[in-house]
2 protein chains.
Amino acid sequence: MNQEDPGFESDHNHQHCIAQALETAHTLCRTRHQRLTPVRELVLKLVWQNHQPLGAYELLPALADAGFNSAPPTVYRALEFLQEQGFVHRIASLNAYVGCPHPERPHRSGFLICRNCKRAVELNTHDVHSALKDSAATLGFEIEQEMVEVVGLCPDCRTSGADHAQ
Amino acid sequence: MNQEDPGFESDHNHQHCIAQALETAHTLCRTRHQRLTPVRELVLKLVWQNHQPLGAYELLPALADAGFNSAPPTVYRALEFLQEQGFVHRIASLNAYVGCPHPERPHRSGFLICRNCKRAVELNTHDVHSALKDSAATLGFEIEQEMVEVVGLCPDCRTSGADHAQ
DNA sequence: GATCATTATGTTATACTATAACAATCACTT
DNA sequence: AAGTGATTGTTATAGTATAACATAATGATC
Ligand SMILES: [Zn+2]
Ligand SMILES: [Zn+2]
Ligand SMILES: [Zn+2]
Ligand SMILES: [Zn+2]
């Protein structure tokens, strides 16, 4: 969303993304008097392993490997907490979860999702929100949450000729 | 989306909405050489029974009553056809389906969804799309589909004091 | 430190949503 | 009438998410 965010640039140092996300989460939890417990931290780390949204059930094996209970409620509870804190977003059209690069302030999330490589990049939705607010105001509707999920082809997949029909 | 669409006005003649939707569907199917079979027509009618999105499994009892097979594939196939023809939209955040008032031309759908009365109103997403296109262009992303789902309070539910926290 | 209330996790079961696979039937063309 | 493709019936299963209750860990209070 900011200039320094990697977007769809595939050659960034992703270990840095992960380390940064974990550190931010720790800091925010401390100031918010919330607990980033081991299982929550692990789920956050797993969600951040790459920029592709992960389904809840894809996380369970790794939880089992780490010695945690790996029944669905465990991962869903962790994901619920992480969402409440703004550390991850749920992508409804994929039933999947992805790390948020800017959890320090709550925001309306929007995503560009590549149908080929499956990466999802969070979008600055300022202008989209303005447009939505106007439309909603016309109808007298009071916005509380927005979900914007755009599917298409990322720059890498366009140039690599992956633009065959889905 | 157009001026004459009811939006959140609850006192419109909804039988007219239904009749209109069915007639439009019949006409479009004829020109498109598609078949609006009895089960498809029934599902379309059921989805249009009100302006609240309906889950697939909520349609099954009515299918059984009408003498159709009421196993899930029946309704999912009908919904798939109706979506392909643009007669209904799926709302991903609700796992639910709602009739489209303007199936005559394909369009990117957006919805305002009231968290209190559960009604969903389709939105003109022209300005939203413009904003999205700009953001996407900056990142080199090629848009193919857009999903915009906004949750909040409709005018009726705001004035009737239903604006307690969810 | 012991007590207590609160929060978090473990565990089992189940609800909800959607599709796979194959058989039977229907509709249209030849 | 026969053949072909589309549609529907049927059974089974995959995939996603939560309910309910037991147990354990945490943090505040005495
Ligand atoms: Zn990264
Ligand atoms: Zn891609
Ligand atoms: Zn209506
Ligand atoms: Zn309402």
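- Taking every side-chain heavy atom of B:P73 into account, D:dT10 is the closest of D:dA17, D:dC21, D:dT10.
- Here the C1' atom of nucleotide C:dT7 and the CZ atom of A:R77 are 11 Å apart, to the nearest Å.
- Less than 6.0 angstrom separates the ring centroid of A:H12 from the ring centroid of A:H14.
- Among C:dT9, D:dT10, C:dA18, the nucleotide with an atom closest to any side-chain atom of B:P72 is C:dA18.
- For A:E58 and D:dT16, the CD to P distance is 8 Å, given to the nearest whole Å.
- The CZ-P distance, from B:R30 to C:dC28, rounds to 13 Å in whole Å.
- The separation between B:L79 atom CG and C:dA18 atom P is 9 Å, rounded to whole Å.
- No side-chain heavy atom of A:V88 sits under 4.5 Å from any side-chain heavy atom of A:C100.
- Side-chain proximity of A:T37 to C:dA8, D:dT10, D:dA19: nearest is C:dA8.
- Side chains of A:Q145 and A:R108: a donor-acceptor N/O pair is absent below 3.5 angstrom, by distance only.
- Within 4.0 Å of B:N95, counting heavy atoms only, lie sugar-phosphate atoms of the nucleic acid but no base atom.
- Nearer to the 5' terminus of DNA chain D, by closest-nucleotide assignment, is the contact made by B:R40 (compared with the other of A:R35 and B:R40).
- Atom CG in A:N69 sits about 14 Å away from atom C1' in C:dA13, given to the nearest Å.
- Side-chain nitrogen and oxygen atoms of B:T74 include at least one within less than 4.0 Å of the OP1 or OP2 phosphate oxygen of D:dG9.
- The nucleotide whose nearest atom lies closest to any side-chain atom of B:F68 is, among C:dA18, C:dA8, D:dG9, D:dG9.
- Each of B:R90 and A:F81 has a nearest nucleotide on DNA chain C; the 5'-most of these lies closest to A:F81.
- The side chain of A:Y97 lies closest to D:dA17, out of C:dT9, C:dT19, D:dA17.
- In this model, no side-chain donor or acceptor of B:Y57 finds a partner on the base of C:dA15 within 3.5 Å.
- Residue-environment remark: CD (A:E84) exceeds the threshold of 12 foreign heavy atoms within 6.0 Å.
- For the atom pair B:L112 CG and B:E149 CD, the distance stands at 11.0 Å (nearest 0.5 Å).
- To the nearest angstrom, P of C:dA8 lies 17 Å from CG of A:L42.
- One interatomic measurement links the two molecules: NE2 of B:H33 to P of C:dA27, which rounds to 18 Å at whole-angstrom precision.
- Closest to the B:Y76 side chain, of the nucleotides C:dT9, D:dA17, C:dA18, is C:dA18.
- Here C:dA27 presents its C1' atom at 15 Å from CG of B:L36, a figure rounded to the nearest Å.
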